[in-house]
Amino acid sequence: MFSPSSFLAFPFLAALPGTFASFSDFGIPSSSATVDVKAFHVVDFTLANLTNAFFSPVLPGRESITLPIHAFLLEHQPSGKLFMFDLAMRNDPQNLTPAFAAFFTGGIATTNPNPFKDITQLLTEGNVTLDSIDTIIWSHTHFDHIGDMSKWPSRRNIIVSSQTNLTLFPDAQGSDLQASDLNGHNVSQVDLTSSSLVISGMNAVDFFNDGSFYLLGAPGHLEGHMIGLARVTPTSFIILGADTAHNLGVLRPSGSFQSNNPCPADILSSTTSSISTDFFWSANTTPGHFDLLSRTQPLLAISDLADSFFVDPDAGQLSAAKLSALDADEDFLTLITHDASLDAALPLFPASLATWQKDGLKEKLAWLFLEEGNPAFLFSPANGSVSSHMHPGCTDAQ
Ligand SMILES: *[C@@H]1O[C@H](CO)[C@@H](O)[C@H](O)[C@H]1NC(C)=O
Ligand SMILES: *[C@@H]1O[C@H](CO)[C@@H](O)[C@H](O)[C@H]1NC(C)=O
Ligand SMILES: *[C@@H]1O[C@H](CO)[C@@H](O)[C@H](O)[C@H]1NC(C)=O
Ligand SMILES: *[C@@H]1O[C@H](CO)[C@@H](O)[C@H](O)[C@H]1NC(C)=O
Ligand SMILES: *[C@@H]1O[C@H](CO)[C@@H](O)[C@H](O)[C@H]1NC(C)=O
Ligand SMILES: [Zn+2]
């Protein structure tokens, strides 16, 4: 929107919320209250032959997928209060509810490393006491987001959506949650169905009533699925996109993403041959020569298979489109929980992400998912190690 040099020439303009920033176009009120954001990459997990439950198309050799699991520590700057957005997964997966434990005991899901340090260990080793964090937001109740609440001090405030299904196993066999996930804690449900505030088409709640942090209803993946929207400076934001998408190809590129965040020449050039024209097309694409610049729609679609990891694929696609509109704007940095492209450049805890815009982090991260060899690059057929995980005779599963 403005170059760093013009920004420096008119520093007083930065103090006028809304002067340049486009957040008000999305329905976000002005505020100078902010939160700080720090990211943890807790563990990676691999799911054998399940890429197609996340998105399509799935190219030959890409049937299995390895995804990182991130968790986020936030600090409400006006009060100094610490809170978490998601906790990644417990490190004893055999103790998940049976439906999820079976993924691990049956060898469909594996973690790397195994065993691993869970978020309570990572926080403690990082000199953040669990006592100092009294509020934990669960974007949704899947095992890879709820951590292990039995390891936390009692009376944590667990925040979920009013649409979250809080039924416990074994009362209902298929439940995500069991008593030990909630015992001794204080669960609050945020009403994201009838809010007067709407941000980029999503129902929103101003979590601290000061404009520093919003929860947005983003249905589709699971009942009650929420996005976090953190204001890290008065005019720049980090979107904690949770599981709205599992690869940035579900959000990018859009036409406005391309014009606001131009693809670096080296990646642009590599995509002409790396992106398979048997599966992806654009106005100026010819067989064997992909043209990224004329691609105006995201590359991937939410899975609508019967066994999709989206309970409502149509709602999920719509939520992705609403997130994609924010993602295209240069004042928003999108961090989705399972984005495998983040590894290459995202500073992790104890680094603060509040200065992402000044640091040019979005420019560094924006197109890594289309760099051949990046773990998020799934846009050409592959063979070898990926598909060998599926071979019945193969014993390399960890
Ligand atoms: C992978 O999933 C597809 C679709 O669900 C199925 O047809 C195929 O048999 C599976 N392959 C393996 C090796 O499990
Ligand atoms: C935690 O504290 C220890 C001991 O003071 C120190 O060595 C370490 O660097 C600290 N870690 C972080 C992330 O602050
Ligand atoms: C909540 O989840 C349980 C377990 O999967 C299911 O039996 C129940 O129907 C769900 N309730 C609602 C309101 O969807
Ligand atoms: C439990 O959560 C409610 C709603 O957020 C809050 O009003 C109450 O103070 C909390 N109770 C405790 C013991 O923290
Ligand atoms: C992968 O595919 C290429 C091209 O079809 C082939 O040359 C190569 O041998 C394959 N590698 C493996 C490990 O199967
Ligand atoms: Zn997840």
Side-chain angles (χ1 to χ4, degrees), residues 36 38-47 50-51 53-55 65-73 75 82 85-90 93 96-100 102-104 109 111 117 119-130 132 137-147 160-179 181-182 187 189 193 218-228 240-248 250 302-303 307-312 315-316 319-320 335-340 342 347-352:
D36 193 12
K38 296 179 180 180
F40 289 87
H41 177 167
V42 177
V43 68
D44 286 333
F45 68 149
T46 297
L47 292 168
L50 282 171
T51 312
F54 290 113
F55 47 75
I65 191 167
T66 297
L67 297 172
I69 311 179
H70 290 90
F72 299 92
L73 171 67
E75 181 173 353
L82 298 177
F85 185 85
D86 284 342
L87 300 176
M89 67 177 283
R90 63 192 303 149
L96 290 166
T97 56
F100 288 124
F103 275 91
F104 291 89
T111 66
K117 288 177 185 170
I119 190 68
T120 65
Q121 291 167 289
L122 297 176
L123 286 164
T124 304
E125 284 181 8
N127 305 324
V128 180
T129 67
L130 302 184
S132 68
I137 299 167
W138 286 345
S139 64
H140 61 296
T141 52
H142 279 159
F143 71 89
D144 52 322
H145 298 259
I146 63 172
V160 294
S161 158
S162 54
Q163 287 162 302
T164 298
N165 184 341
L166 290 172
T167 314
L168 300 181
F169 174 86
D171 301 336
Q173 290 293 313
S175 292
D176 298 338
L177 299 174
Q178 52 193 331
D181 294 321
L182 303 178
V187 181
Q189 294 190 269
T193 58
H221 176 57
L222 187 68
E223 293 86 358
H225 178 266
M226 304 188 291
I227 287 173
L240 304 174
D243 285 20
T244 311
H246 297 81
N247 182 288
L248 290 174
V250 171
I302 297 289
S303 170
D307 57 358
S308 171
F309 287 140
F310 284 73
V311 293
D312 184 342
S319 292
L335 302 178
I336 49 176
T337 302
H338 303 298
D339 179 3
L342 294 176
L348 296 173
F349 174 92
S352 162

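Given the structure is predicted, the values throughout are model-derived calculations rather than measurements. The basis for the numbers below is simple: all heavy atoms, side chains too, and nothing from hydrogens, waters or symmetry mates. Remember, it's 1-based here, ligands and their atoms both numbered in the order they're listed.
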### Query
Hey, what's the ring geometry for H142 with H140, parallel, tilted or perpendicular (30° and 60° as the breaks)?
perpendicular
### Query
To the nearest 0.5 Å, how far apart are NE2 in H221 and CZ in F54?
7.5 Å
#### Entry: From OG1 (T337) to CD1 (I69), nearest 0.5 Å
9.0 Å
### Query
Taking only residues two or more places apart in sequence or in another chain, which ones pass side-chain contact (heavy atoms from CB on, under 4.5 Å) with V187?
I158, V160, L166, L182
### Task
Quick one: look at S175 and ligand 3, take heavy-atom pairs under 4.0 Å, and tell me if it's side chain, backbone, both or neither.
both
Judged by atom type as modelled, is there a donor-acceptor pair below 3.5 Å linking the side chain of [X] to the main-chain atoms of [Y]?
{"X": "S319", "Y": "P219", "value": "yes"}
{"X": "Q189", "Y": "S161", "value": "yes"}
{"X": "D86", "Y": "S139", "value": "yes"}

N/O to N/O under 3.5 Å, ligand 2 against protein:
| from | atom 1 | to | atom 2 | distance (Å) |
| --- | --- | --- | --- | --- |
| ligand 2 | 2 (O) | N127 | OD1 | 3.0 |
| ligand 2 | 2 (O) | N127 | ND2 | 2.3 |
| ligand 2 | 11 (N) | N127 | ND2 | 2.9 |
| ligand 2 | 14 (O) | N127 | ND2 | 3.2 |

### Query
Tell me, which protein N/O/S atoms are under 2.8 Å away from the Zn ion (ligand 6)?
D144 OD2, H145 NE2, D243 OD2, H338 NE2
#### Entry: Contact check: E223 vs ligand 3, nitrogen or oxygen atoms, below 3.5 angstrom
no
### Query
Is the centre of the F143 ring less than 6.0 Å from the centre of the F104 ring?
yes
### Query
Is it true that F45 and H338 have ring centroids separated by less than 6.0 Å?
yes
### Set of residues satisfying side-chain hydrogen bond (donor to acceptor under 3.5 Å, both in side chains) with respect to D181, sequence neighbours excluded
none
